[in-house]
Amino acid sequence: MILGIETSCDDTCAAVVTPDGEILSNVVASQGLLHERYGGVVPEIASRRHLELVDAVTADALERADTSLDDVRSVAVTRGPGLIGALLVGVSSAKALAAARGLPLTPVNHLHGHVVASTLGENPIEPPLLCLVASGGHTFVARVDDPADHTVLGQTLDDAAGEAFDKGARILGLEYPGGPVIDRLAKEGDPEAFDFPRSLPGDGLDFSFSGLKTALLYRVRDLGEDEAERRRADLAASYQRAIVDVLETRARQAIEQYGVSRFAIGGGVAANSEWRARAQELDAELWVPPMALCTDNAAMIAGASRFQQPMPYPDYLSLDASARPAA
Amino acid sequence: MKAILSHRRVSRKPPTVESRLVRHETGTPEETEAVGAELARRLDRGDLVLVTGELGSGKTTFVRGAARALGVTDPVTSPTFTIGQVYGGGALEVAHIDLYRLRSLSGEDPALLDDYLTPERIGFVEWPEIAAPELGRPAARVTIEHLGGDRRAIEIE
């Protein structure tokens with residue numbers, strides 16, 4: 001049994017996963033409500049809340065898996081990238097738990113957790129595969145030949161797709177987090193009402209969403225406050241369509257260029273209903289995560305640790321969190 | 001939490017960029033990057049640059065140009081979600097902070113920004129308004145304004 005802990009951003013997560021990739025529990029204590037008041041993630045509040053929640057969330061994950069620390073054979077934890085203060089809570093907690101039992105510890109790259117989430121659950125897919133991860137902080141397409149590693153084929157040059165949703169929602173006067181709100185509102189709007197740019201920078205598979213955000217800002221200004229409010233659903237639908245078009249184009253190009261026929265989507269944007277539906281049209285064996293594996297979670301961290309060499313006790317006692325992407 | 005590097009609470013060394021206001025107008029993101037690069041060449045270890053402007057005005061574009069001139073080769077992306085990003089690659093590390101998601105620093109752990117802004121790095125802070133007193137005296141203040149389309153006015157103080 002592997003115990004996973006993830007505290008890289010605003011959710012405190014713990015999970016129990018078997019060596020075969022079966023998810024026995026996957027607990028997420030969301031700080032979303034707390035952050036809604038502040039219009040976003042508030043780092044120190046995040047760290048303090050992680051500290052208050054991490055023990056209870058871990059105990060809950062063990063209980064829901066109908067197991068105890070006695071059956072845990074290794075501990076996995078997100079080392080980075082993320083907010084340093086938040087990461088340190090998870091890393092310290094995991095180190096303490098593992099050390100108390102003399103268990104090995106595996107530090108995991110948060111992004112790799114998203115990439116190999118598709119090897120978990122009831123209908124896993126195996127590498128070689130391509131994966132498009134789009135979240136609030138990251139947007140990239142990667143190739144996985146061996147589940148221990150991934151190669152980034154293209155990534156955002158400015159804003160992440162999830163950030164485009166959040167900031168777009170802010171421009172439209174909607175609440176945080178913007179993704180679910182725009183998704184809901186877009187269902188009532190005309191996705192072709194407004195023509196927003198689809199930026200596909202360079203010759204490779206990179207992304208850019210910064211110009212789209214500015215285009216929305218200018219359009220809202222041109223319309224004026226009343227008209228922008230009246231046509232909010234159309235604006236949301238057209239804006240979402242532009243984001244999803246770009247994701248789909250890059251996915252299609254990746255499949256054509258690399259000739260890999262298995263494709264997984266991941267990250268918080270994989271919870272978007274239009275993107276989930278559109279991904280079904282890709283010419284590939286598709287893996288779409290269940291909602292619980294889209295957003296940050298510890299099951300994907302425990303899952304990814306299965307493909308890495310764990311650090312034996314006490315080698316990890318000096319392990320530090322790393323905010324850098326190359327964690 | 002790291003050892004306290006409370007350089008913000010002790011007096012900073014005098015800014016290396018002279019105090020005067022320079023206004024640029026740019027017509028493309030590349031030109032905005034070039035203005036950032038030009039400023040970067042006058043910065044030194046421990047310097048802090050505050051970058052102010054509305055959503056979509058080109059703050060990250062400006063910082064990208066500066067970071068490139070300082071030897072950073074990694075993609076310089078918006079740190080809104082991650083709050084802070086540290087880039088290596090050049091002679092000095094570059095810290096890129098975005099306080100957009102914060103409403104106030106009061107009540108926060110004082111070491112929050114010390115994890116990122118150190119006397120050894122060159123720091124850029126987007127949406128610095130809420131932290132202005134805590135940040136100390138910057139080497140430069142940059143204000144970017146929309147002039148419509150891709151055109152921007154950039155004031156450097």
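Here is how names work: the chains are called A, B, and so on, in the same order as the sequence lines, proteins then strands, and each is numbered from 1.
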Within the supplied structure, the quantity of interest is the number of heavy atoms (other residues, nucleotides, ligands) at a distance under 6.0 Å from B:Glu129 CD; does it exceed 12? yes

Under 4.5 Å from a heavy atom of chain B, the part of A:Asp166 involved: side chain

Step by step, work out the side chain to side chain contact (heavy atoms under 4.5 Å, CB included) result for B:Tyr100 and A:Glu163. CA-CA 12 Å; B:Tyr100 175 76; A:Glu163 178 178 0; over 6 Å; no

Mind checking which of residues 28-38 of chain B sit less than 4.5 Å from chain A, heavy atom to heavy atom? none

Within 6.0 angstrom of A:Gln253 CD, more than 12 heavy atoms from elsewhere: yes

How would you list, by chain and number, every residue that makes a ring-ring contact (aromatic ring centres under 6.0 Å, His included) with B:His146, sequence neighbours excluded? A:Tyr218

Atom NZ in B:Lys59, atom OG in A:Ser210: separation rounded to 0.5 Å? 9.0 Å

Does anything in residues 151-162 of chain A get under 4.5 Å of chain B by heavy atoms, and if so which residues? A:Gln155, A:Thr156, A:Leu157, A:Asp158, A:Asp159

Looking at residues at least two apart in the chain, or sitting in another chain, which of them share a ring-ring contact (aromatic ring centres under 6.0 Å, His included) with A:His150? A:His112, A:Phe140

Contacting moiety of A:Lys213, where chain B heavy atoms sit under 4.5 Å: side chain

Kindly indicate whether the side chain of A:Pro81, heavy atoms from C-beta on, has any atom under 4.5 Å from the side chain of B:Gln85. no

Value for SG (A:Cys9) from CD1 (B:Ile83), rounded to nearest 0.5 Å, stands at 7.5 Å

Please determine if B:Glu54 and A:Arg170 form a salt bridge, counting it only when a charged side-chain N lies under 4.0 Å from a carboxylate O. no

